[in-house]
Structure formats: structure tokens, C-alpha cells
Amino acid sequence: MLYDPIFSKSFSRFEQQKIGRFAFLACAVIALSICTVFKPQYHVRIVPSISLQFPRSVGGVDTAVIKDRNISEPLQYLSVGTDAEVDNEATRDTLQLSANDGVNARRAEKDVIASNLVKSSTNDGVKERQVAKDTSSSVSLLEANGGNVKDTYITKDTTGTKPLQSSTGEGVKDVVASNEALAPEPIGLEAKLIKLVCSLSEPVSDYCELEGDIRIHPNSSTIFVVSHRTDSSFQIGTSWVIKPYARKGNEGAMESVKSWTIKVISSHQTPPSCTADQSIPAILFSLAGYSGNHFHDFSDIIIPLFSTSRKFDGEVHFLATDYKAWWSSKYRGILGKLSKHKVNDIDREEGIVCYKSMIIGLKTRKELGIAQSSNIYQGLSMKDFRDFLRSAYSLKTKNVTKMRKGTTEKPRMMIISRKKSRTLVNENKITKMGENMGYEVIVADATLSTDLSKFAELVNSCSVLIGVHGAGLTNMVFLPDNAVVIQIVPLGIEWYARRDFEEPALDMNIRYLSYKIKVKESSLIQEYSVKSATIRNSLSVNKNDWGVIRSVYLDRQNVILDVRRFRRTLSKAFKLLHQ
């Protein structure tokens, strides 16, 4: 009671207010300092529009799901628990594992257009979890502090250009946001990196990227990633199974592909000793599946191998499982340009081969092409691939020369001949018609060519390529820019024709024309009634039955073109060459 009158007499009302504000500010600073020193997890946070849900069980693996409330589908799946085996059906998300000496890590990431990233770091007495969104939008971090975290797994790119990424274990008590900088990575020999990135979310292929102590045991088809950690917090025993062939989901192709197991082990488990130690990276892929079919050779192996290996500029080892010597010989011109080293039959390798960097499987998302929307190809496109082919086979013609009025030069037209199925029955009539229209016509059976280099030169000399839907049309990759490809589309395979050749042709800077045959032009009318579903409603009736499509529309159908009607298509091609 005595304080009030004394205080009021000593200071004016304005001075009293200033003193009060100063005292309040001083108390706040003292309180904040105490919290910062003794409870660093109590920093001020800004909670982003992200929700964290625990748990979710997918394929036997417990997961935490992070969602952006503004987006309808989950952005990330964070794997929780230990010794879980992740396969193609589990979460379908990108998993990344990494461990530095003193820091352990595991990350699960779903590949989304926004390129959302999961970040985590672990310090003495403090375990954090941070989720960062791509800088294309406002950057926010999700962090879990001081909550009896069971395990924390971290991955970090050694270049320093990528943020730490992780998934944490059980027992997270609170989730708050922070934009604090992460601690720098340890420097020196103790900062040994183990990086394991397994993408199981791609629609066409699964692949893993490894860095660290990698040991290949060919006899058991096992790839060991050795952890030299002295504690037990790293998830030892975790394994992935990969079939390194880019035709995922196709049972007919994948049944012949050897499975490879990637397994994380501790150095204390006496890992197999290296009999050969390699310093350059390696890529392991399969030559099984549908290899030997010209379309699948390029779509499933060669183009994915190009996009996966190009960044190494030839300093990479190709490890082929399910090896076929004739295949390597056929495509030696391409393989020799992608790698300076001989293709290794890894299945017959004796001993233990060790690498510091390795990719298992090939990256691809599109039939006979490179998806422009994807960031896994580092900016590569089909233009780059076709430029590469011209270099590999010393192809002279890059662009089709525009035809001038009054010129006597004849544009060269190649007809891809087929003998077993989807045969062009009246091939001779089409040839004569083309010659009468002013074309120089070449008829070639691609399956009879034993020298791909010479056949590539022949195709490269042409301005127009014609063929019934089939593997032979794949040779359009050798055509010059602005050439014209004409696909003759039999009954029942319109969707496959568009996916396999029409869409890829546009990516290759090739002009495309489609000639869809009518019922009277198909040999199937000799077996089925014109009113039958097989003839009239082929695609809608059989679109989900590949067995029917293969046996009826591909293997038993030949084509007899309406010469007058097809002439109009050749006329369009001729006009395009004048534009």
C-alpha cells in the first residue's frame, strides 16, 4: 500500500508508463533467454498448413503420413519401425536412407510435382524432424522436438546442395514448425556417408541409388550396403528387392528377370571381403524381359540406359544381369558411346566386387521416350537422345531438306516389310504407286539386317518411313528431323499405336501421319463376321485382355490396303516435305 503513493509522487504518469513497459520488456527477454538455454525446443514456431497422422500400416510397414491440407493426396509417407522389408507394393513411395558417423538416417519420400522434401537432424540432447516444401512456394519446416524419439534417420547430399531428409521413429509428442538453419555436416574421415535411395513409385521401373561401402555378391544376387557405425540405431537388416528391368507390372516380361536384393548390414557382421575394388560408378540392369524385340530394346533398355548413365560422361561400369552376348554385340555402337568400359556379365563374376557409387535399375517413365515433366533425367530429352544416336553411328543427315517446286530430286521413302504377322499383303502395289507419285521407294525388312549401323544409315537417308504397327517402326529414331513417319494401324490396336509411336514421334521432332484401316482392309473378315464384336467393337471389348489382343489383332491380322485411299496419305506426306 505504501508503494503506490511513493511511486506516484516520484514520477509523472508518463514516466510511470515508460518504466512499466521497460520492466515488462526486460522480464520477457530474461524469460526467453532462460528458455533458449535450458529448453531449446521452445523456440517460437509457425505451424504450416500440414497435418501429421500416426500410424498407418501399408504392406506390413507402419507409416506416418504427412498431408498438405490444400492438396487432396498425401505428400509423404514416413516409414516407422525397424527391420521392415519394402517391396513394390509397399507405399509406392521413394525411400532414402543415409548415415553419417555420429548421425543416422532414414527417409521416405513420395515424388510429387511440388518436390516436397522431408528434413531431419539429430544433435546432443535434441532430436528434430523437419519437413520442407520446395522453394517454388513459401518455405516452411515441420519439426518434432524432445519427444522420446526412438530412431532418427538422416540423409544428406555431400555437395551441400540438397537438404537433410529423414523419417523418424515412434513417440513424437509434439509437432511444431521452424525455419532454423540445420547444423553443418561433420568434416573429415569420420564423416563417412551411406546413401540409399530406392524409388518404388515409378510407373514403369523401380531403381535404387547407392553411395558408400557397396559390395556385390553375384552368386546370391545380393548387394550389401555396409554401415560402419558403432551404435545400433541405424536400421541394420533393412532390405529391398529390385528387378532391374523397365517393364514393371508386366508379368510376361518380368518373370524372366533376375531379382536382386539390396541389404543394409553392419561392419560387425563380417561383410564379404572385396576381391575387386572399383573407383568409378556402376549401373546394374537386366537384358532379360522382352529384349531382342527392337521396340523393347530401345524403350525398355537403351533409352532408359541413356537417361540414367549420361551424367557420368562414359566413366561408368555397365553390369548386365541376365546377360546376352549377342545383344551387347548388336548394340555395341551405342553401349561404347555411353561407357568407356566393356559391359560386364555380372552373373558370372567370381568373388566380391566393391563400388562406392551404384545404381540398380534404369530410370524411365514413358514408352520410347523421355518424360519432359520428370526431374529424374536432369533435363535430358529425346532431342538429346537422337543427337547422341547420330554421333554414335556417324549419321550425316540431321534435317530433311525442304523440297522445292520444279526440283527433279526424289524424296526417299522406306517401307518396313513384315513377313510373319501384320503383313502388308499388297506391298508391291503400294511400292509402284509411291514410285509413280515421285518417291524413290526402298523396301526393307529390319529383322534381316545384321549390321545395325548400316541399317541406321539407310533409314537416316530417308524422308518418309512407312510401316504397319510393329517393332520395325522403332527405326524412326534414326530419321532426320522433320521427316515423316506413316503408321498403318490395324483393327483393335488404336490405343497401342498412339502410345507406342504417335506420341514418341512428336517428341522426336518427326511429323506423324496415321492410316487407320477399315474393316475391308483387314484379313480378320475372313475369320469373323462383319457384325461380330471382334470386328465392330474390337477395342472396347478386348482392351483389358492382352491375351486376346496379342493372339487376334497382332498375331493373326494382316493388312490389304485400299490403294486409292492410301494414296491420299502419301500425298499429305509429299506436301509436308514441301513445307
Side-chain angles (χ1 to χ4, degrees), residues 96-101 155 157-159 189-199 206-229 239-245 258-267 269-287 301-302 304-325 327-328 331-332 334-363 378:
Q96 297 193 348
L97 290 177
S98 161
N100 292 312
D101 197 34
T155 182
D157 186 82
T158 54
T159 62
L189 296 177
E190 295 301 317
K192 294 180 180 180
L193 175 71
I194 291 178
K195 178 181 178 182
L196 198 162
V197 182
C198 283
S199 176
D206 293 332
Y207 62 87
C208 286
E209 295 184 66
L210 313 178
E211 289 181 12
D213 187 348
I214 305 161
R215 309 188 186 192
I216 308 173
H217 187 230
N219 288 341
S220 63
S221 301
T222 303
I223 299 169
F224 297 99
V225 182
V226 183
S227 171
H228 294 271
R229 292 283 300 155
S239 64
W240 288 260
V241 177
I242 296 288
K243 285 193 171 188
Y245 183 77
K258 180 178 291 187
S259 296
W260 284 78
T261 300
I262 299 96
K263 188 173 184 179
V264 180
I265 66 171
S266 170
S267 58
Q269 294 177 286
T270 313
S273 300
C274 300
T275 56
D277 202 344
Q278 303 293 342
S279 59
I280 66 174
I283 298 176
L284 189 150
F285 59 96
S286 175
L287 294 182
I301 303 175
I302 294 174
L305 187 60
F306 165 80
S307 59
T308 303
S309 67
R310 195 58 172 166
K311 65 180 181 180
F312 299 115
D313 195 26
E315 288 298 336
V316 60
H317 281 170
F318 288 159
L319 310 181
T321 184
D322 309 308
Y323 182 76
K324 298 175 181 177
W327 194 97
S328 294
Y331 295 106
R332 62 181 178 274
I334 293 174
L335 298 173
K337 284 290 185 177
L338 289 176
S339 173
K340 300 175 182 178
H341 307 274
K342 183 180 177 181
V343 178
N344 185 8
D345 180 359
I346 189 62
D347 297 334
R348 300 183 64 179
E349 185 71 35
E350 297 292 337
I352 306 299
V353 186
C354 296
Y355 286 91
K356 295 179 177 64
S357 178
M358 185 176 183
I359 298 175
I360 300 97
L362 301 175
K363 305 176 184 179
Q378 300 181 339

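- Ser267 OG to His228 NE2: the interatomic distance, rounded to the nearest 0.5 Å, is 5.5 Å.
- Side-chain contact between Val343 and Tyr323: present, with at least one pair of heavy atoms (C-beta onward) separated by less than 4.5 Å.
- The distance from the CD1 atom of Ile283 to the CG atom of Asn344 is 13.5 Å, given to the nearest 0.5 Å.
- Thr321 places no side-chain N or O within donor-acceptor distance of the main-chain N or O of Ser286, the cut-off being under 3.5 Å.
- For NZ of Lys324, the number of neighbouring non-hydrogen atoms (other residues, nucleotides, ligands) closer than 6.0 Å is greater than 12.
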For Leu210 and Lys195, run side-chain contact (heavy atoms from CB on, under 4.5 Å): C-alpha distance rounded to whole Å, both residues' side-chain angles, the deciding distance at 0.1 Å, then the answer. CA-CA 5 Å; Leu210 313 178; Lys195 178 181 178 182; over 6 Å; no
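- Between the side chain of Ser307 and the backbone N or O of Pro304, at least one donor-acceptor pair lies under 3.5 Å.
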Checking Arg215 against Asp213 for the salt bridge (Lys or Arg N to Asp or Glu O under 4.0 Å) test, could you report, in this order, the C-alpha distance in whole Å, the side-chain angles of both residues, the deciding distance, and whether it holds? CA-CA 7 Å; Arg215 309 188 186 192; Asp213 187 348; 2.9 Å; yes
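- For Thr308 (side chain) and Lys363 (main-chain N/O), a donor-acceptor pair under 3.5 Å exists by modelled atom type.
- Interatomic distance, Leu335 CG to Leu305 CG, rounded to the nearest 0.5 Å: 6.5 Å.
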Does the side-chain contact (heavy atoms from CB on, under 4.5 Å) test come out yes or no for Leu319 and Tyr355, once each step is laid out? CA-CA 12 Å; Leu319 310 181; Tyr355 286 91; 3.7 Å; yes
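- Counting only heavy atoms from C-beta outward, the side chains of Pro272 and Phe224 approach each other to under 4.5 Å.
- Inter-residue side-chain proximity for His341 and Ile280 is flagged as met; some heavy-atom pair is nearer than 4.5 Å.
- Among Phe306, Tyr245, Tyr331, the one residue that satisfies the side-chain contact (heavy atoms from CB on, under 4.5 Å) test with Ile301 is Tyr245.
- Exactly one residue among Thr261, Ile262, Asp206 makes a side-chain contact (heavy atoms from CB on, under 4.5 Å) with Val241. That residue is Thr261.
- With a 4.5 Å cut-off on side-chain heavy atoms, Lys356 and Ile214 do not count as touching.
- At least one side-chain heavy atom of Val264 sits less than 4.5 Å from a side-chain heavy atom of Trp240.
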Criterion side-chain contact (heavy atoms from CB on, under 4.5 Å) on Trp327 and Asp322, from CA distance to verdict: CA-CA 11 Å; Trp327 194 97; Asp322 309 308; over 6 Å; no
Would you check, one step at a time, whether the test side-chain contact (heavy atoms from CB on, under 4.5 Å) holds for Phe318 with Ser309? CA-CA 9 Å; Phe318 288 159; Ser309 67; 3.9 Å; yes
Salt bridge (Lys or Arg N to Asp or Glu O under 4.0 Å) between Lys340 and Glu315, intermediate numbers included: CA-CA 6 Å; Lys340 300 175 182 178; Glu315 288 298 336; 3.4 Å; yes
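- One distance of note links CD1 of Ile360 with SG of Cys198; it measures 7.0 Å at 0.5 Å rounding.
- Nearest heavy-atom pair, Gly351 versus Pro218, reported as atom, atom and distance to 0.1 Å: O-CD, 3.4 Å.
- For the atom pair CD1 (Ile216) and CD1 (Ile223), the distance works out to 5.5 Å, reported to the nearest 0.5 Å.
- Looking at heavy atoms from C-beta onward, Val226 lies out of side-chain contact with Gln269 at the 4.5 angstrom threshold.
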Take Asp347 and Lys258 through the test salt bridge (Lys or Arg N to Asp or Glu O under 4.0 Å) and record every step on the way to the result. CA-CA 10 Å; Asp347 297 334; Lys258 180 178 291 187; 3.3 Å; yes
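- Under the 4.5 Å side-chain criterion, counting only non-hydrogen atoms from C-beta, Phe285 is not in contact with Ile359.
- Put simply, OG on Ser221 and CD1 on Ile242 are 13.5 Å apart, with the number rounded to the nearest 0.5 Å.
- Using a 4.5 Å heavy-atom cutoff, the side chains of Val225 and Ile194 are in contact.
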